[in-house]
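Atom set for the values below is all heavy atoms of this structure, side chains included, hydrogens, waters and symmetry mates excluded. Throughout, a chain's letter reflects where its sequence line sits, starting with A, and its residues are numbered from 1.
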Amino acid sequence: MDAMIKVEHLSKKFDDLVVLKDINTTICKGEVISIIGPSGTGKSTFLRCLNLLETPTGGRIVINGEDILSPKADVNAMRQKMGMVFQNFNLFDHLTIMDNLTIGPVKLLGVKKEDAVARGKELLQMVGLAAKANSFPSELSGGQKQRVAIARCLSMNPEIILFDEPTSALDPTMVSEVLGVIKHLAQEGMTMAIVTHEMNFAKDVSSRILYMDEGIIYEDGTPDEIFNHPKKEKTRVFIHRIRNCRYHIEDKDYDFYGMNNVITTFCEKHFFSSNQVQSILLLVEESLQLYFDKDNLEQRNAIIKEGGGIELSIDYSEKEEEIVIYFTVTNNLPSILKTSESSDGLSMTIISGLTSSVEEDDVGDKTRFIMKVKK
Amino acid sequence: METIIEQQSEKTIIKINGRLDSMNSGDFEKAITPVLEGAMKDITLDCTDFEYISSSGLRLFLTLLKHSKSKGGKLCIKALKPEIKSVFDIAGFTPLFQFE
């Protein structure tokens with residue numbers, strides 16, 4: 001596919017605040033790209049840099065072979081090829097809907113008024129608002145205003161449309177009507193880049209997902225890759241809306257009650273039931289009893305201490321309503337599943353009873369003991 | 001955790017308040033040593049204010065049960081909260097004990 005937009009080492013600072021560190025990507029004709037990620041990671045700034053609503057601090061943006069940051073670049077001509085739909089619609093309140101749609105083509109593209117009106121009618125028909133041609137923006141709902149904003153954008157015949165959180169300012173009841181229009185445009189082959197928090201929509205409509213974090217494109221992939229098989233930890237945490245509690249256990253003399261206090265506070269914050277809290281505390285305690293097995297305590301303790309201790313992580317996925325407990329320790333330590341075989345088995349019986357799955361896997365020089373808490 | 005031991009005629013009442021976990025099971029073990037070394041055979045574990053048990057505690061409950069049975073007596077667990085009872089269920093301990 002031909003690159004329509006090529007972004008190389010794009011950076012943007014606001015005074016000392018670095019919002020975009022080093023953005024590199026290519027957008028090809030016909031692609032529908034959703035840009036997702038936590039708030040404050042520069043998604044909207046990236047979009048606004050693409051059409052120079054923000055001036056980048058560094059890097060290159062090449063559109064159809066032309067570097068738009070070059071002093072010789074025709075910025076207005078470039079902007080006409082690139083439509084933008086904003087969170088807050090940005091319609092002209094003093095103009096009718098039809099005038100909102102025709103003012104740009106007439107004034108900037110030199111289109112005859114009657115041709116602009118004819119095209120305006122087609123576009124209003126497409127977004128389901130033909131009956132509102134003579135209304136004013138104040139007479140429309142938020143969802144209708146946003147559909148007009150999309151039609152207005154299309155009236156300039158852009159080569160690409162940038163959507164900056166197009167549904168964030170809408171009542172939940174109005175989100176679907178706007179997403180429906182964007183989906184229709186995707187099916188028509190319009191090239192689009194969409195900053196969105198609507199994960200199901202992004203999954204459904206996009207050809208590619210950019211996950212932004214730490215001022216870079218942290219992970220780039222197909223919807224299946226990003227939503228179902230994210231490669232990076234932060235992507236996974238974001239996609240599954242994972243809330244996380246971590247605790248470091250240095251050696252056998254760890255602060256048991258301090259750890260329990262951290263776990264209980266985390267559980268209370270996420271409104272876990274008293275049974276869930278008890279299960280988590282028990283699973284952690286029984287696992288640590290196996291890690292610090294009394295029969296080989298000094299030997300195991302030395303290995304654990306030398307290997308940097310034990311990392312406890314409790315992940316709560318709001319999306320899946322699932323709690324998973326991870327213990328990560330040096331793989332020099334004999335497997336705790338094997339250790340449990342030589343014990344009286346009581347700890348493992350309790351662990352098995354409270355979990356839907358228990359497994360161990362190797363990650364580099366560490367072994368993870370993973371328990372999914374029974375729902 | 002607090003352990004209060006009382007003798008009521010032929011019976012030993014052990015009242016356990018709070019949590020019984022791997023950190024304080026040693027204290028509980030010490031507290032019940034006189035019972036294990038004594039001749040009293042019938043034991044009631046009063047769990048009215050008992051809040052949590054892990055395998056360390058379960059093992060000591062089992063030790064008390066074995067002691068009582070070896071003397072031909074009975075061990076009874078009183079007022080155990082359902083969420084703690086569920087740990088007995090999971091561990092397979094429920095059929096071994098008498099609950100009231």
Does [atom1] in [X] sit with more than 12 non-hydrogen atoms of other residues, nucleotides or ligands closer than 6.0 Å?
X	atom1	result
A/N200	CG	no
A/K232	NZ	yes
A/K366	NZ	yes
B/R59	CZ	yes
B/K11	NZ	no
B/K15	NZ	yes
A/E321	CD	no
A/E306	CD	no

Validation row: [X], [Y] side chains within 4.5 angstrom (heavy atoms):
X	Y	result
B/N24	A/Y257	yes
A/N260	B/R19	yes
A/V277	B/Y52	no

Mark yes or no for whether [X], through its side chain, and [Y], through its backbone, hold a donor-acceptor pair below 3.5 Å.
X	Y	result
A/E285	B/D21	no
A/E286	B/S55	yes
A/Q278	B/E83	yes

B/V87 to A/I350 - nearest heavy-atom pair and separation: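 That closest heavy-atom pairing would be CG1-CD1, 4.4 Å.
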
Interface moiety of B/S56 toward chain A, non-hydrogen atoms closer than 4.5 Å: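 Contact with chain A involves both backbone and side-chain atoms of B/S56.
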
Atom group of B/I53 that falls short of 4.5 Å from chain A, counting heavy atoms: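 Only the backbone of B/I53 comes within 4.5 Å of chain A.
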
Reported CG-to-OG distance for the pair B/L58 and A/S347, which is rounded to 0.5 angstrom: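 Taking CG in B/L58 and OG in A/S347, the distance rounds to 9.5 Å.
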
Separation of B/I84 CD1 from A/L282 CG (nearest 0.5 Å):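 Reported value, rounded in 0.5 Å steps: 10.0 Å.
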
Proximal component of A/Y254, with respect to chain B [non-hydrogen, under 4.5 Å]: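 A/Y254 touches chain B through side-chain heavy atoms alone.
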
Contacting moiety of A/L288, where chain B heavy atoms sit under 4.5 Å: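 The answer is neither part of A/L288.
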
